[in-house]
K.L.:
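Provided herewith is a single structure, encoded as structure tokens, for subsequent inquiry.
Worth saying up front: this structure is predicted, and the values here are computed from it rather than measured.
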Amino acid sequence: MEANMRWVALTAVAPVAWGTNYFVTHEFLPADRPLYGAALRALPAGLVLLALCRQWPRGAWWWRSAVLGLLNVSVFFVLVYAASQLLPTSVASTVMAVSPLTMMLIAWSLVSERPGIAHLAGAAIGLAGVCLMLLTGVGGVSVPGVLASVAAMLVSSFGHILAKRWSTGVDVLASTAWQLTAGGLFLLPIAAAVEGPPPELSTPALIAFGYVALVATALAFAAWFTGLRHLPAGTVGLIGLLNPVTGVLLGIAVAGEVLTAQQLCGLILVLIGVVLGRPTRAGQRQ
């Protein structure tokens, strides 16, 4: 159990880093270059991890890296950017909060991990908490934005479980490096064709890209895929609910926002949902 909790703590690094990524991207990165933004986030992260692991794909992992790079990096990054541009952060985050349930259902079919009652209850309670924290009388909602957010949630959920299914016998750092590198290489020529020359970046933007690539991508994805290897998909999905929690707490700490009673209740519900999804000895044996 103690070892499981260490994997939980490591996995939590990912949603916390992704929660800070929204703020850094919004404040410091160019808003009109989504393809370059995604490419410059993925490719440097992949190359850094590739230099650390010093392993190239072998056999089936050449095409597996391409498939996972498309799902978990190229398509996902672009859809998330589109959703963040078209929707209020509250709505986009709430849609993404459905991912624990989606991951449980996909894991049931792909890796034979039947979701337990505690995981399902945790997902429902966590989703209710996210809604309480973030949905505060939002006005009109963009239908294309909702579709982009739903597509991002489905693509990433499927891609993450597919990575879990294929992870046996391969180093997790290496497989993460291959996915990020492949996804960045797919995006780079498309960005050049659609958006023209790369954007000129100020010093704050360069520092922000460094943080996004190294912390919110390389470190976060390595932690996330490590968690998927050692923990049930339902547990990992529920840990992902810490993403919107981080966004709310960052707004309080940095932007001077006030934590309302409604947000506090939502925060408590999310944490209860995460706790319900913690791995048990019986669940680990199963």
Side-chain angles (χ1 to χ4, degrees), residues 3-25 38 41-42 44-46 48-49 52-53 68-69 71-73 75-77 79-81 84 89 92-93 95-104 106-107 119 122-123 126 130 152-153 155-164 167 171-181 183-184 210-250 270-271 273-275 277-279:
N4 284 338
M5 295 312 296
R6 285 200 297 267
W7 294 125
V8 168
L10 176 63
T11 307
V13 170
V16 171
W18 291 334
T20 64
N21 180 63
Y22 290 117
F23 173 79
V24 173
T25 300
R41 175 186 177 185
V48 167
L49 293 181
L52 290 175
C53 69
L68 295 176
L71 293 174
N72 294 331
V73 181
V75 176
F76 176 63
F77 283 7
L79 286 172
V80 164
Y81 180 89
S84 65
T89 302
S93 298
V95 173
M96 291 299 295
V98 184
S99 62
L101 286 171
T102 308
M103 287 180 64
M104 289 179 203
I106 296 175
H119 284 104
V130 171
M153 181 268 297
V155 165
S156 63
S157 297
F158 179 72
H160 293 164
I161 301 303
L162 198 59
K164 179 180 178 70
S167 66
D171 180 71
V172 66
L173 197 66
S175 64
T176 305
W178 302 336
Q179 292 179 57
L180 290 169
T181 303
Y211 174 83
V212 167
L214 296 178
V215 178
T217 303
L219 176 63
F221 272 84
W224 185 255
F225 288 126
T226 299
L228 276 170
R229 175 168 298 190
H230 293 279
L231 297 170
T235 297
V236 176
L238 288 172
I239 294 171
L241 293 176
L242 295 176
N243 186 334
V245 169
T246 303
V248 170
L249 296 179
L250 191 62
V270 169
L271 295 179
V274 174
V275 170
R278 73 190 187 281

K.L.:
For Ser156 and Met153, indicate whether the former's side chain and the latter's backbone hold a donor-acceptor pair under 3.5 Å.
P.N.:
yes
K.L.:
Please, which pairs that meet side chain to side chain donor-acceptor pair (under 3.5 Å) have at least one residue in residues 172-181, sequence neighbours excluded?
P.N.:
Asn72-Gln179
K.L.:
Rounded to the nearest 0.5 Å, how far does CZ of Phe225 lie from CG of Leu173?
P.N.:
12.0 Å
K.L.:
How many angstroms lie between atom CD1 of Ile239 and atom CG of Leu228, to the nearest 0.5 angstrom?
P.N.:
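Reported value, rounded in 0.5 Å steps: 9.5 Å.
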K.L.:
Can you name the closest pair of heavy atoms from Ala45 and Thr217 and give their distance?
P.N.:
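Where Ala45 meets Thr217 most closely, the heavy atoms are CB-CG2, 3.6 Å.
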K.L.:
Parallel, tilted or perpendicular for His230 and Trp7, by the 30°/60° rule?
P.N.:
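Parallel, since the angle between the ring planes stays under 30°.
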K.L.:
Could you go through Leu49 and Phe221, starting from their C-alpha distance and side-chain angles, then the distance that decides it, and tell me whether this counts as side-chain contact (heavy atoms from CB on, under 4.5 Å)?
P.N.:
CA-CA 10 Å; Leu49 293 181; Phe221 272 84; 6.0 Å; no
K.L.:
Looking at every heavy atom in both Ala152 and Phe76, which two are closest together, and how far apart are they?
P.N.:
O-CD1, 3.5 Å
K.L.:
Does Trp18 use its side chain to pair, donor to acceptor, with the backbone of Ala216 at less than 3.5 Å?
P.N.:
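Pair found, side chain donor or acceptor close to backbone of Ala216.
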K.L.:
Taking all atoms of both residues into account, what is the closest heavy-atom pair of Ala223 and Val13, and its distance?
P.N.:
CB-CB, 4.2 Å
K.L.:
How close do Gly19 and Asn243 get, heavy atom to heavy atom, and via which atoms?
P.N.:
CA-OD1, 3.3 Å
K.L.:
Identify the heavy atoms of Ala12 and Leu242 that sit nearest to each other, and give their distance.
P.N.:
CB-CD1, 3.9 Å
K.L.:
Check Leu71 against Val155 and note the closest heavy-atom contact, atom names and distance.
P.N.:
O-CG1, 3.0 Å
K.L.:
Please check: side-chain N/O of Lys164 versus main-chain N/O of Pro232, any donor-acceptor pairing under 3.5 Å?
P.N.:
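No: the side chain of Lys164 does not pair with the backbone of Pro232.
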K.L.:
Knowing that exactly one of Val236, Leu231, Leu238 qualifies, which makes a side-chain contact (heavy atoms from CB on, under 4.5 Å) with Val8?
P.N.:
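Result: among Val236, Leu231, Leu238, Leu231 is the only option passing the side-chain contact (heavy atoms from CB on, under 4.5 Å) with Val8.
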K.L.:
Distance from Thr11 atom OG1 to Met5 atom CE, nearest 0.5 Å?
P.N.:
10.5 Å
K.L.:
What residues, two or more places apart in sequence or in another chain, satisfy side chain to side chain donor-acceptor pair (under 3.5 Å) together with Thr246?
P.N.:
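Scan of Thr246 (side chain to side chain donor-acceptor pair (under 3.5 Å), adjacent residues dropped) gives none.
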